[in-house]
Amino acid sequence: MKKIIFTAATVLSLFACKNEKTEAKPGTMIPAEDGVVNMNEDKTDSKDKETIHIEPISHATAVVNWDKAVFYTDPVGGAEAFENVDNPDFILVTDIHGDHMNAATLEGLELGDKKIIVPQAVKDELPTSLQQNLMVMNNGDSMEIDGFTIEAIPMYNLPEADDAMHVKGRGNGYIIEKNGKRLYISGDTEDIPEMRNLKNIDAALVCMNLPYTMPVDQAADGVLAFAPKKVYPYHYRGKDGLADVEKFKSLVEEKNNDIEVILLDWYPEM
């Protein structure tokens, strides 16, 4: 595995994909404004307790507060989508599609010298105004930043094909790790071996939408294989509306009730 060391404060961004807005299905979602969930298993009130919160913005876009650090994943929707959240320390972008990469949003965030971690294909698409902020990671790269380790994980469609919407090697999923806690962000992927073989994942954001990524039963099989402690279905709007994340929850929990499936509202506008 390649390793990149970076010591300055850095920003990670993730952006949105090609999905159509259609009527939402009812479900027992936690509303977005109430959807900040503590990933830390330690419930003590210690002042020094490290906490991790995941807050949905929309579709593939989230804000992760990890102790004192703030991550944005695939920020899209304009800077106004982030008016009521903390400014980022890290930004992660997974792929070139518009629901993950949006130059106008990145420019509107006024990042200064903070870094945006991207695969090479995203760097190639972004304008000159953002190039000084970009730090390239490709599949297999690892980076250390201010106490965090970031790994770039493959994300792609199956079967592999040159004309797939997500070809292997173009985009990144990510693992963020600190003090033994590991958060996996799938990006646009299917039930690939690299996901199934993950180890010691505390929380995972896992996509599921047709025809772009995978159906809920395939997503459930993949999650059962790597068995994260918590899993958050996200990126679940497809051509025919929202994927049945309640079914996903049932499929996972009936086979492994040690995995907690957390349903947040990623589509508050619907």
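By convention here, the first residue in the shown sequence is residue 1. Note: hydrogens, waters and symmetry copies are ignored here, and every other heavy atom, side chains too, is used.
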Looking only at heavy atoms, what is the nearest atom pair of [X] and [Y], with distance?
{"X": "Pro154", "Y": "Glu194", "value": "CG-CG, 3.8 Å"}
{"X": "Val136", "Y": "Pro119", "value": "CG1-C, 4.3 Å"}
{"X": "Pro127", "Y": "Ala103", "value": "CD-CB, 3.7 Å"}
{"X": "Leu224", "Y": "Asn256", "value": "CD2-CB, 3.7 Å"}
{"X": "Ala152", "Y": "Asn138", "value": "CB-O, 3.2 Å"}
{"X": "Cys207", "Y": "Ser186", "value": "N-OG, 3.2 Å"}

Determine whether [X] and [Y] make a side-chain contact, defined as any pair of heavy atoms from C-beta on separated by less than 4.5 Å.
{"X": "Met195", "Y": "Ile201", "value": "no"}
{"X": "Met155", "Y": "Asp188", "value": "yes"}
{"X": "Ser142", "Y": "Thr149", "value": "yes"}
{"X": "Ile116", "Y": "Leu126", "value": "no"}
{"X": "Trp266", "Y": "His235", "value": "no"}
{"X": "Met208", "Y": "Asp244", "value": "no"}
{"X": "Asp240", "Y": "Leu210", "value": "no"}
{"X": "Ile185", "Y": "Tyr234", "value": "yes"}

- Starting from the C-alpha separation in whole Å, work towards a yes-or-no answer on side chain to side chain contact (heavy atoms under 4.5 Å, CB included) for Ile57 and Val63. CA-CA 7 Å; Ile57 300 298; Val63 174; 3.9 Å; yes

Can any side-chain N or O of [X] pair as donor or acceptor with the backbone N or O of [Y] at less than 3.5 Å?
{"X": "Lys178", "Y": "Gly147", "result": "no"}
{"X": "Thr189", "Y": "Tyr156", "result": "yes"}
{"X": "Asp95", "Y": "Asn172", "result": "no"}
{"X": "Glu260", "Y": "Pro228", "result": "no"}
{"X": "Lys249", "Y": "Leu263", "result": "no"}
{"X": "Arg182", "Y": "Asn200", "result": "yes"}

[X] [atom1] to [Y] [atom2] distance, which is reported to the nearest 0.5 Å:
{"X": "Glu144", "Y": "Glu177", "atom1": "CD", "atom2": "CD", "value": "10.0 Å"}
{"X": "Tyr174", "Y": "Ile150", "atom1": "OH", "atom2": "CD1", "value": "9.0 Å"}
{"X": "His97", "Y": "Glu125", "atom1": "NE2", "atom2": "CD", "value": "9.5 Å"}
{"X": "Ile54", "Y": "Asn65", "atom1": "CD1", "atom2": "CG", "value": "10.5 Å"}
{"X": "Leu205", "Y": "Ile262", "atom1": "CG", "atom2": "CD1", "value": "10.0 Å"}
{"X": "Glu107", "Y": "Leu130", "atom1": "CD", "atom2": "CG", "value": "4.5 Å"}

- Query: According to the interplanar angle, ranging from 0 to 90°, do the rings of Tyr236 and Tyr267 count as parallel (below 30°), tilted (30 to 60°) or perpendicular (above 60°)?
  - Reply: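 Ring orientation of Tyr236 relative to Tyr267: perpendicular.
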
- Message: Is there a side chain to side chain contact (heavy atoms under 4.5 Å, CB included) between Asn209 and Arg237? Walk through the geometry before answering.
- Response: CA-CA 6 Å; Asn209 66 331; Arg237 183 181 60 215; 5.5 Å; no

- Distance-only polar pair, side chains of Asn133 and Asp113, donor-acceptor under 3.5 Å: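 Checked: Asn133/Asp113 side chains show no N/O donor-acceptor pair below 3.5 Å.
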
- Ion pair check, Asp202 and Lys229, cut-off under 4.0 Å: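 Looking at Asp202 and Lys229, the cut-off is met.
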
- Where do Glu55 and Leu264 land on the side chain to side chain contact (heavy atoms under 4.5 Å, CB included) test, with the steps shown first? CA-CA 8 Å; Glu55 182 171 1; Leu264 302 182; over 6 Å; no

- What do you reckon, is CD of Glu110 surrounded by more than 12 foreign heavy atoms closer than 6.0 Å?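 At most 12 heavy atoms, drawn from other residues, nucleotides or ligands, come within 6.0 Å of this atom.
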
- Task: Would you check if the distance from the ring center of Phe226 to the ring center of Tyr184 is below 6.0 Å?
- Result: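 Yes: the rings meet the under 6.0 Å criterion.
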
- Could you state whether Val231 and Leu251 fall into the same hydrophobic cluster, counting links through intermediate Ile, Leu, Val, Met, Phe, Trp or Tyr residues with side-chain heavy atoms under 4.5 angstrom apart?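 Different clusters: Val231 never reaches Leu251 through Ile, Leu, Val, Met, Phe, Trp or Tyr contacts under 4.5 Å.
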
- Query: Any link between Leu242 and Phe248 through a network of hydrophobic side chains (Ile, Leu, Val, Met, Phe, Trp, Tyr) touching at under 4.5 Å?
  - Reply: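 Yes, one cluster joins them.
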
- Item | ring pair (Phe, Tyr, Trp, His ring centres under 6.0 Å): pairs with one or both residues in residues 126-152, sequence neighbours excluded |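 Residue pairs passing ring pair (Phe, Tyr, Trp, His ring centres under 6.0 Å), neighbours aside: Trp66-Phe148, Phe71-Phe148, Phe90-Phe148.
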
